[in-house]
Structure formats: structure tokens, C-alpha cells
Number of protein chains: 2
Amino acid sequence: MQLNGYRTIDDDVVFRALADPSRRRLLDGLQAQGGQTLGGLTSGLSMTRQAVAKHLDILERANLVSSRRCGREKLHFINPIPINAIAERWISKFDQPHVAALSALKQTLEGEFDD
Amino acid sequence: MQLNGYRTIDDDVVFRALADPSRRRLLDGLQAQGGQTLGGLTSGLSMTRQAVAKHLDILERANLVSSRRCGREKLHFINPIPINAIAERWISKFDQPHVAALSALKQTLEGEFDD
DNA sequence: TTGACATGCAACCATTAAGTTGCCTATTTT
DNA sequence: AAAATAGGCAACTTAATGGTTGCATGTCAA
């Protein structure tokens, strides 16, 4: 388990990254299709490419998105781990333990049908 | 299941409320002890009472905190439901189901030993 | 090699947001 | 009633943030 100080800082970067609706939409887009380029993500977002680039940078710093340079393109991928970690930490932090446990169990059971 | 438009708006209010570290600390405080007053929450936060009041207002609007007037005092309580809902929605939204299920199970088991 | 395409970088602008100060209202308490 | 306590309201300051424009760099294709 991590030290509290570090955890707080990490949380802060992630929460702030998630606070903007445009960034959440970008995550939606990357969830729908991984490996999209900056230009690809920009088209349809009624925002300049540069603005999208800034958002992607924030998402990358929050470790919510990872990217790979490929020639003159940069491919972006969603990184679900921090979202998962933070969400679960907050469930266990702010919920009555039994509620969290029940939800977790429900999730667990539902998960069995997916593979 | 809610309509997507409404959900997005709700999400936005909650995410923005959670984006500020002072507000997350307030939630921590209310989790540790419910029914605290504005003044009580202010003491120890190196912030003016008015600033705390603004934060509490934002948390209330996000439905993360509820309050009850009691004489000249206002008592505040954490409302875990939206956190739970949003966290779970994001787990299922952005994670491979089996990863979420495994983590959830792990959390459930470990949760028994947590403070 | 030249032009087109994909991205990077930097300055700038407008708005929001966090926090402050100052004052007012309401409820206790003595 | 008067003083003390708890909170509400509003204007203001400052810094962060989301977005823009303009130009530079790197890569691919003809």
C-alpha cells in the first residue's frame, strides 16, 4: 500500500484530469477505438488540434492515456488502471463497507460471463 | 438506465466537485465524523470560514454532501451514493470487465482488514 | 526535392475558480 | 437587552485553465 502523501498527489492529478468534460470525451473516444491519432481525435470535436493536444498531454501526465510515436503519427491508448484504482479506492473510502462489498461481489459475478 | 445527456451533466458536477483537494479533504473530514458544522470543519483547515462555505456549497450541489439546519448551526453529512455510482460506472466503462472483477474481489477480501 | 501532412511549441486571451476581506443576519447565552 | 456565537452574502484579487492563433519541425509521398 502506498504512502498517503504520494497517493494524495497522484489522486490530484487524476481527479483534475477527469474534471474536464472534453477530456472525458477523449477518454470515451479512446475507449471506443484505441490507437487514434491526434488529428483523428480532433475531427468531430469542434476544437483546435492544439487544444486537443493539451488535453491529451494532461491525460498522459495523469497516466490515463499512453501514446506511441509511429512515424509522423502519434497513437494514443487509454490506460484504465489508474481509473480503476482510484475508483475502487474511493468506493472503499467513502462507502459503508458492506455496500462496497456487495457492489464488488455483483461486479465479480457479472464479470464471469464476459470471457 | 438514465439518458446519456443527463448523466453527462451530473457527472460533470460531481467530477468538478471532486477535482479540488480542499473539497476532498472536507469529504475526508465528514467521513471521519458526520454532522460537523461549518465552523468545526473550518478549524484546522488554514482557510477562511467563507472559503469552506463555498466548498461545502459546491459539494452540496454535487449531491456529495447534505446538510441540516439545527438552530444557528448547520450540520453537514457526507452522501456516499453519488461517489459510489460514478465510481462503479467508470469502472465498468473503462475497464476490462475481468480486471475490474478481480480487483473488486481483491478489494473485498482485503477490505476485511482495513482500518 | 518539393509539397503535403501530422505534430510540437509558444504567446496570447477570456473565463473560471479559489480564496480573501468586509459587513449583515440570526440564534444563543448571560 | 447586550454580547457572543454561527452562519450568509457580496465584491474583489489573483492564479489557473481552456481555448485560440501563428509559426516551426519532422516525416512521408510523388
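Predicted model only: the values in this text are computed from it and were never measured. Chain identifiers are assigned alphabetically (A, B, ...) following the order of the sequence lines, protein sequences preceding nucleic acid strands; residue numbering begins at 1 within each chain.
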So, is R49(A) close to the dT20(D) phosphate, meaning a side-chain N or O under 4.0 Å from OP1 or OP2? no

Can you work out whether T48(A) or L38(B) has the more 5'-proximal nearest nucleotide on DNA chain D? L38(B)

E73(A) atom CD is separated from dA4(C) atom P, nearest whole Å, by 19 Å

Output the rounded distance in Å from CZ (R24(A)) to P (dG18(D)). 11 Å

When the distance from CG of L56(A) to P of dT17(D) is rounded to whole Å, what number comes out? 17 Å

R16(B) has an atom CZ; how far is it from atom P of dG18(D), in whole Å? 9 Å

Atom-to-atom span, CG of L41(A) to P of dT7(C) - whole angstrom: 9 Å

Check each of L27(A), D57(A), N79(A) against V65(A) using the side-chain contact (heavy atoms from CB on, under 4.5 Å) test, and report the only one that passes. L27(A)

Taking the side chain as everything from C-beta on, heavy atoms only, tell me whether L38(B) gets closer than 4.5 Å to T42(B). yes

What's the separation between atom CD in Q33(A) and atom CZ in F77(A), rounded to the nearest 0.5 Å? 10.0 Å

Closer to the 5' end of DNA chain D via nearest nucleotide, is it S46(A) or R69(A)? S46(A)

Just how far, in rounded Å, is P of dG18(D) from CG of L59(A)? 10 Å

On the side chain of Q50(A), is there an atom forming a donor-acceptor pair with the base of dG18(D) - under 3.5 Å, no angle test? no

Would you indicate whether the side-chain heavy atoms of R16(B) and I58(B) approach each other to under 4.5 Å? no

Look at the side-chain N and O atoms of S22(A) and state whether any lies under 4.0 Å from the OP1 or OP2 oxygen of dG19(D). yes

note: M47(A), atom CE; dT20(D), atom C1'; distance rounded to Å ~ 12 Å

Whichever of K54(A) and H76(A) has its nearest DNA chain C nucleotide further upstream toward 5': H76(A)

What's the closest nucleotide to the side chain of T37(A) if the choices are dT7(C), dA6(D), dA17(C)? dT7(C)

Report yes if some heavy atom in the side chain of L30(A) is under 4.5 Å from a heavy atom in the side chain of L41(A); otherwise report no. yes

Report yes if at least one side-chain N or O of R23(B) is closer than 4.0 Å to OP1 or OP2 of dA18(C); otherwise report no. yes

Do the side-chain N or O atoms of K74(B) get closer than 4.0 angstrom to the phosphate oxygens (OP1, OP2) of dG8(D)? yes

Starting at atom CG of D12(B), determine the distance to atom P of dT16(C), rounded to an integer number of angstrom. 13 Å

Give a yes/no on whether any side-chain N or O of H55(B) is located under 4.0 angstrom from OP1 or OP2 of dG19(C). yes

Has the side chain of R72(B) got a donor or acceptor atom sitting under 3.5 Å from an opposite partner on the base of dT5(D)? yes

